[in-house]
Amino acid sequence: MSKFHKQETFMMDIAARVAQQSYDSSTKVGCVISKEDRILGYGYNGTPAGFDNECKNKEGRTLPTVIHAEINALAKITRSHSSSEGAILYTTLSPCVHCALSIIQSGIATVVYRDLFRLSPHEGITVLQEAGVTVRQYSKD
């Protein structure tokens, strides 16, 4: 295994572990943002600080107060003294179009995802690629 692939596997493993912190009963998503082999931020899908941790309504639909993993990870960076310019974002689920727009605005250079987002699987990926962000699906091989 190359050093590059070993590092990518390490970051994706961390993203998967971070996903387990989500209170969502059906879709647990984790995200890690790194630059020069250093983790800048991480996040999982969940509610804002101070809110109830409930992610679904009685019908099983995601509540509008749930923040996606990518946005939570980017928010951690904005509260630090780090810059996400040129960083790599690793996520267990491909970004939706709204997260893709925030990723573009944050200067992320590369997005690596494990699984495709079920609702509009290629919409976020297409937006990222149109903006010049490198996007690829993670493979353990």
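Remember, predicted model here, so these are calculated numbers, not experimental data.
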Throw together a table of side-chain donor-acceptor distances under 3.5 angstrom for residues 58-73, partners on residues two or more places apart or in other chains.
{"unit_1": "Glu59", "atom_1": "OE1", "unit_2": "Asn57", "atom_2": "ND2", "d": "3.4"}
{"unit_1": "Thr62", "atom_1": "OG1", "unit_2": "Lys56", "atom_2": "NZ", "d": "3.2"}
{"unit_1": "Asn72", "atom_1": "ND2", "unit_2": "Tyr44", "atom_2": "O", "d": "2.7"}

Counting only N and O atoms by type, is there a donor-acceptor contact under 3.5 Å from the side chain of [X] to the main-chain atoms of [Y]?
X	Y	result
Thr47	Asp52	yes
Glu123	Val97	no
Thr91	Tyr113	no
Asp115	Ser94	no
Ser84	Ala87	no

Quick one, [X] and [Y] - any side-chain contact, counting heavy atoms below 4.5 Å?
X	Y	result
Val127	Ile104	yes
Ile103	Leu128	yes
Met12	Val112	yes
Cys31	Leu89	yes
His122	Leu116	yes
Asp13	Thr9	yes

Restricting to non-hydrogen atoms, name the atom on [X] and the atom on [Y] that form the minimum distance, rounded to 0.1 Å.
X	Y	value
Gly46	Cys55	CA-SG, 4.2 Å
Tyr90	Ala15	O-CB, 4.0 Å
Glu85	Lys35	O-NZ, 2.9 Å
Ile77	Ser82	CG2-O, 3.7 Å
Ile108	Val133	O-CG2, 3.7 Å
Ala100	Gly124	CB-O, 3.5 Å

Q.
Less than 4.0 angstrom from a charged side-chain N to a carboxylate O is my criterion; do Glu8 and Arg136 meet it?
A. yes

Please report the interatomic distance [atom1]([X]) to [atom2]([Y]), rounded to the nearest 0.5 Å.
X	Y	atom1	atom2	answer
Cys99	Phe117	SG	CZ	8.5 Å
Leu74	Ser102	CG	OG	6.5 Å
Lys6	Met11	NZ	CE	13.0 Å

**Q.** Pair Val29-Ser22, side chain to side chain contact (heavy atoms under 4.5 Å, CB included): steps then yes or no
**A.** CA-CA 7 Å; Val29 183; Ser22 173; over 6 Å; no

Q | Heavy atoms from other residues, nucleotides or ligands near NE2 of His5 exceed 12 (cutoff 6.0 Å) | A |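 Yes.
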
Q) Counting only heavy atoms not in Gln137, do more than 12 fall under 6.0 Å of its CD? A) yes

Q) Any salt bridge (charged side-chain N to carboxylate O under 4.0 Å, His left out) pairs touching residues 25-34, not counting sequence neighbours? A) none

Q) How far apart are the C-alpha atoms of Ile33 and Lys76, what are their side-chain angles, what is the distance that settles it, and do they pass the side chain to side chain contact (heavy atoms under 4.5 Å, CB included) test? A) CA-CA 10 Å; Ile33 300 172; Lys76 282 188 171 72; over 6 Å; no

Q | Tyr138 and Thr92 side chains, donor-acceptor separation under 3.5 Å | A | no

Q: Apply the test side chain to side chain contact (heavy atoms under 4.5 Å, CB included) to residues Asp37 and Gln7: give CA-CA distance (whole Å), side-chain angles for both, the deciding distance (0.1 Å), then the verdict.
A: CA-CA 8 Å; Asp37 296 335; Gln7 182 68 14; 3.4 Å; yes

